[in-house]
Amino acid sequence: MRFAVTKVCASGAKARAGLLQIGSSGVETPALLLSTRKGLPAFMSPDLLSSLPLPDSLLLNVCPTHFIEVPPSKTISNIGGLHRMLGLPDHILVAAAGESTECLPSSDATNKFGASFETPAGRKLVKPSDYMELISCLQPNLWASLADEVPAWVNEKRNKTSVERTLRWLDACIALDAASGRNSLGVVVGGSSIEQRKLCATEVSKRNVSGFWIGGFGLGESVEERCSLLNAVTDCLPLEKPRIVSRLGLPEEVLEGVASGIDLFDSTYIYQLTMGGFALIFPIDMVEREMQNGVFDSSAGDSAKINLRATTYRKDMSRIVDGCTCFTCQNHTRAYLNHLINVHEMLAQILLEIHNTHHYLRFFRSIREAIKAGEFDIFWKQFVENRRSQIAAAAIRE
Amino acid sequence: MALRFEVLGRFNRARAARLTLPHFTCQTPLFMPVGTQGSTIKGLTTDQLETIGCQIILGNTYHLELRPGSQLIDDLGGLHKFMNWKRALLTDSGGFQMVSLLHLADITEEGVTFQSPVDGKPMLLTPEESINIQNNIGADIIMALDDVVKTTITGPRIEEAMYRTLRWIDRCIAAHKKPDVQNLFGIVQGGLDPVLRDICVRGLVERNLPGYAIGGLAGGEDKDSFWRVVAQCTAGLPEDKPRYVMGVGYPLDIVVCSALGADMYDCVYPTRTARFGSALVPEGVLKLKQNAMATDERPIDPSCPCMVCKNYTRAYLHCLVTKDPMGSQLLSYHNLSFMARLSRDLHMSILEGRFPEFVRGFLRVQFPKGDVPKWVHNAMEVAGIDISECCTPTNCQHDAMEAAGVDISEFCPPTRCP
């Protein structure tokens, strides 16, 4: 794995563009990790996945705990690891122990032996040795260490313990790793304490890791807190290694994360949108934004997304987004999607996941373009202002 | 009439044909997957269905009228446009769903009365209304509303249903507004009674319809009765028009019916069984939920070229099935590929003059011990296909019967037993 920062924003801003190279695949950052279930997207089978923009759509987040029951480790090894098992030989698979839909960290059941997760198969305690056994047979391209992620409201003592455990488990994982941590991502926790966050970040930086996975966000902290916490962490991390943050999914959160120096984002935002019947429509770049100004009906959603379940779409023969080149927009109409959602057909989620992923990957692309053009600050400001004015306009219309 | 049916090859009763429909030119014999509520095939895109090789898919009239409504579909340009399916579509009459889904459905001369599942109001589906809905939907083939009765029922009801079906076909024909772009198929009823079936066949043939379906089967009747009704109907229906056996089904049934001269089939079986974790393989069915599958590193079917078999092991699919939507998607994909390949194999083997070899090969793999069911024997005899080499000698009870002093020669031609 090789990572290099290719462009830093001027005037002391921390946003940066980079290039992540794994095997023969190179992906520009900031980038999005697509969320998966047992390694494959929730709804897009590999032939549909391959219709998404490349190389952006090569990055997948995989949760090893999804494989804690079946198949047995030996079988996974015999098959040849994740890439062979999933039929995705060219993809970049990044593993992390917990995620937000099926493998939620259960911090009150976590103890000194291991991290506890709520899974479809019940509550599971995962020890570093269990975790590394999975990692060694799955062989992802990158893996985050086992961590004790706690919600924002835990007391100081619990928070401190989570940092100590996370560091201890990081060392244990590296010790158990045949490659001594060459593909590891050290997890940084610390809850809502700036001090603990800084401590953890500094300590993790001392280990032989390839990058950093910033966890513990999206678990109850306020938006204002998060900004300062995130910046406190990135300030303590070396510049030349990639930083991944999990559970920051909304466009505004992504922009904030980019501004704090984050390179990769792992979130279930697309999955949640898809399950709710929402399709992303927000304008991607500055040109599109001008086109959309003042022309919006907010009765079924807001300016970022539409709820295709709404009756207003029953006979709407237009595409989700005019000019979108995704499979869904090239082939289907809002009316058809409205029908599919209302009759509970799985095809609705498949088509929505395709569009939402495509749209969001394009969003990340324009973030990268803005950074490379030295205009990230303008991009960010315009995006937020546009959102505010859309919401205000909608409120006035009501 | 809005179709052309050209027989390109034969083996005895079996035929390989080209069926030219307004939206697509198909090769028969063929299997039609059944779309569910959205007229989508559970979890597959239209692109994937094309890649798999589906030629015609079935839309459920009842469901489509309920949601989004056939008028809306018509307003938006018809079902092809609405779902963006470029190939052929067939809609059923809506009658079957009503009888099978609604407890309080009642059939009178006027039509099928039932309680609306939406608000409980009494509703009536008449032949005219069914055709009107199907005209709105715009499928290449539409089905007449028939009085369908389960084959497990006996008595005068069957006769009543058969005659009513004939009366209703005239009402369907009269109500059909688009005969130049939509083909109305009549459905042969009559239960398991050859006399009734014969009357129905003659009655429908008189009406000179573009195609004919054999209905009222695949409902729990014994296999021996099943094949005999199919054989009788195919013998009586015109040579130059497609014959569609509704609700069939299992690959074995499709092979037998094709040998007897049928051309088209539909069934929810491949997609439904996929959702329960079962994959169709040449040997029969592979139940991926079984514990043994958790360590099985082979693909579902090593001889299958589909995307699922090229990429995935039984072990991985085992952990997906019945737990993740992706599992049922991948299995549906494979199962429909299997059925499309079966259709292609039937068409090509008949066309290329190797149909009996194909049938024998098929039976050998499904019944490696040679225990081919008696009904298949009987059907193949009528079809004129020699399958003796697929059967173990013990399958024939001749010797045992002879020893017991029972004459069974009328059931078992002497040449069959060594």
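So you know, we letter chains A, B, ... as the sequences are listed, proteins then strands, and number each from 1. Just so you know, these numbers use all the heavy atoms, side chains as well, and skip hydrogens, waters and symmetry mates.
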Under 4.5 Å between any side-chain heavy atoms of [X] and [Y], yes or no?
| X | Y | result |
| --- | --- | --- |
| B/Cys319 | A/Glu69 | no |
| A/Lys38 | B/Leu320 | yes |
| A/Leu347 | B/Thr45 | yes |
| B/Pro68 | A/Tyr336 | no |
| A/Arg84 | B/Thr313 | no |
| B/Lys323 | A/Pro120 | no |
| B/Tyr333 | A/Ser45 | no |
| B/Tyr312 | A/Leu40 | yes |

- prompt: Side chain of B/Asn84, backbone of A/His332: donor and acceptor closer than 3.5 Å?
  reply: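 Pair absent, no side-chain N/O of B/Asn84 close to backbone of A/His332.
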- prompt: Would you say the side-chain atoms of A/Glu345 pair up with the backbone N or O of B/Gly43, donor to acceptor, closer than 3.5 Å?
  reply: no
task: Evaluate the ring planes of A/His339 and B/Phe82, with Trp represented by its six-membered ring, and classify them as parallel (under 30°), tilted (30 to 60°) or perpendicular (over 60°).
output: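 It falls in the tilted class, 30° to 60°.
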With a sphere of 6.0 Å drawn around [atom1] of [X], does it hold more than 12 non-hydrogen atoms of other residues, nucleotides or ligands?
| X | atom1 | answer |
| --- | --- | --- |
| B/Lys121 | NZ | no |
| A/Glu133 | CD | no |
| A/Lys124 | NZ | yes |
| B/Lys177 | NZ | yes |
| B/Lys81 | NZ | no |

Portion of [X] that has a non-hydrogen atom of chain B nearer than 4.5 angstrom:
| X | value |
| --- | --- |
| A/Ile350 | side chain |
| A/Arg314 | both |
| A/Ala42 | backbone |

Checking [X] against chain A: side chain, backbone, both or neither under 4.5 Å from a heavy atom?
| X | answer |
| --- | --- |
| B/Ser328 | side chain |
| B/Leu66 | neither |
| B/Leu76 | both |
| B/Met326 | both |
| B/Thr295 | both |

field: Option that, when pairs with chain A are counted at under 4.5 Å, heavy atom only, ranks first among B/Thr51, B/Asp75, B/Leu330
entry: B/Asp75
Which one, [options], leads in non-hydrogen pairs under 4.5 Å with chain B?
| options | value |
| --- | --- |
| A/Met317, A/His66, A/Met85 | A/Met85 |
| A/Pro71, A/Pro89, A/Ala348, A/Pro41 | A/Pro71 |
| A/Thr333, A/Leu88, A/Asn338, A/Asn342 | A/Asn342 |
| A/Ile76, A/Leu351, A/Val70 | A/Val70 |

Minimum heavy-atom distance between B/Ala294 and A/Pro72, given as atom pair plus value: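 Heavy-atom minimum between the residues: O-CD, 3.4 Å.
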Taking atom [atom1] of [X] and atom [atom2] of [Y], what is their separation to the nearest 0.5 Å?
| X | Y | atom1 | atom2 | result |
| --- | --- | --- | --- | --- |
| B/Glu297 | A/Thr75 | CD | OG1 | 5.5 Å |
| B/Asn311 | A/Leu86 | CG | CG | 10.0 Å |
| B/Gln329 | A/Leu48 | CD | CG | 7.0 Å |

